[in-house]
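All of these numbers come straight from a predicted model, not from anything done at the bench. Throughout, protein chains are lettered first and strands after them, A, B, ... in sequence-line order, and every chain is numbered starting at 1.
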2 protein chains.
Amino acid sequence: MTDVPKDVRGLDHIDLELLSLLQADGRMPNNALADRVGIAPSTCLTRIRRLREIGAVRGFHADVDPAWIGRPIQAMIAVRIRSDAREAIGRFAESLAGIPAVRDVYFISGNYDFLLHVACADVDDLRAVITERLSGTRLIAGTETYLIFEHRRGA
Amino acid sequence: MTDVPKDVRGLDHIDLELLSLLQADGRMPNNALADRVGIAPSTCLTRIRRLREIGAVRGFHADVDPAWIGRPIQAMIAVRIRSDAREAIGRFAESLAGIPAVRDVYFISGNYDFLLHVACADVDDLRAVITERLSGTRLIAGTETYLIFEHRRGA
DNA sequence: AGTGAAAGGAGCACACA
DNA sequence: TGTGTGCTCCTTTCACT
């Protein structure tokens with residue numbers, strides 16, 4: 001709920017403003033950004049490069065509607081790893097991120113080890129992901145699947 | 001799991017390729033895109049404008065690490081609406097998207113009505129979101145909170 | 001729908017405060 | 001760090017296919 005965060009690890013208010021602007025519009029031209037925050041374009045360029053280098057900006061991506069690329073069925077799959085396979089969790093999760101249907105992997109606390117946000121072509125495709133890539137691997141103790149009716153990005 | 005989707009609602013393979021490229025790198029210059037898919041820059045521009053207009057591309061965003069903007073604590077909050085308040089769910093969810101901590105709202109099937117992906121300054125902040133913005137509203141029948149240890153984007 | 005050329009604008013490196 | 005200049009490359013429009 002806090003609007004102005006506390007711990008900003010060496011970023012000044014201009015950096016935070018740049019991050020906020022780029023989060024809202026990742027294609028805003030460097031010129032416009034510089035204007036908005038009140039610095040010269042070349043300075044702005046340097047700052048943004050630095051924000052990328054330190055990892056404050058992890059990348060720039062188009063937000064593509066899954067329905068338009070033939071993946072209208074979205075689901076959140078909670079996955080529990082078998083307790084005798086915990087060491088493999090890292091490599092396994094990495095392989096999951098490579099499945100085309102997988103859009104996000106959330107490692108969580110609680111009864112399950114992670115949540116998978118997937119977008120599939122149809123229900124058969126969803127079942128294939130669950131049975132072939134998850135339950136079928138012998139690393140998985142259990143899964144629980146929730147259909148996603150709608151997905152909205154926050155502010 | 002399907003690599004080549006079936007239902008592509010009037011998009012040809014060039015459109016799909018453009019979407020894929022822009023999903024991977026939202027700042028790829030129009031020129032480079034045109035080269036990669038084998039069309040002229042001007043044609044490429046027209047196509048991308050169309051992809052935005054029809055909603056295949058919903059926007060372009062910088063992927064900002066929440067930890068760098070003072071929000072190192074991430075959580076997934078499952079929220080159940082009171083059954084006598086179901087009509088209010090739409091407006092309520094919209095107000096949620098306006099909370100600075102909220103990054104995603106997933107409307108789901110199952111025991112809960114939606115999942116909230118939040119990024120908070122600290123645990124107090126997280127508690128404030130849950131007690132003041134959720135449990136405190138009288139629309140909420142219950143919540144369940146899972147800490148997010150790590151969040152990876154898929155391919 | 002796709003193309004090429006031409007003008008205008010933006011990105012980027014560099015030298016300097 | 002921040003800035004201003006200048007070169008280069010990209011973007012964007014338009015007449016034409």
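A donor-acceptor contact under 3.5 Å is formed by the side chain of S42(B) with the base of dG4(C).
One interatomic measurement links the two molecules: CG of N30(B) to P of dG2(C), which rounds to 13 Å at whole-angstrom precision. Rounded to whole Å, the distance from CG on L45(A) to P on dG2(D) is 12 Å. Nucleotide dG2(D) holds its P atom 7 Å from the CD1 atom of I14(A), rounded to whole Å. If you measure from atom CD1 of I39(A) to atom C1' of dT3(D), you get 11 Å, rounded to the nearest angstrom. What separates CE of M28(A) from C1' of dA10(C) is a distance of 15 Å, to the nearest Å. What separates CD1 of I54(B) from P of dA1(C) is a distance of 12 Å, to the nearest Å. Distance CG (L33(B)) to C1' (dC9(D)): 15 Å, rounded to an integer number of Å. Between I48(B) atom CD1 and dT11(D) atom P there is a gap of 9 Å when expressed in whole angstrom units.
Contacts of R49(A) with the nucleic acid, taken as non-hydrogen atoms under 4.0 Å apart, involve only primed sugar atoms and P, OP1 or OP2. At a threshold of 4.0 angstrom between heavy atoms, the contacts of N31(B) include nucleobase atoms, whether or not backbone atoms are also involved. Across all strands, R27(A) comes closer than 4.0 Å to no nucleic acid atom at all (heavy-atom distances).
No more than 12 heavy atoms of other residues, nucleotides or ligands shown are found within 6.0 angstrom of CZ on R127(A). Residue D63(B) places its CG atom among more than 12 non-hydrogen atoms of other residues, nucleotides or ligands, all under 6.0 Å distant. In the displayed structure, N111(A) atom CG is contacted under 6.0 Å by at most 12 heavy atoms of other residues, nucleotides or ligands.
In this structure, H117(B) and H151(B) have side chains that are in contact, with non-hydrogen atoms separated by less than 4.5 Å.
Annotation: the span from R152(A) atom CZ to L96(B) atom CG amounts to 9.5 Å, rounded to 0.5 Å.
Using a 4.0 Å cut-off, some side-chain N or O of R47(B) falls inside it from OP1 or OP2 of dG2(C).
In the set dA10(C), dG4(C), dT12(D), the nucleotide with an atom closest to the side chain of P29(A) is dA10(C).
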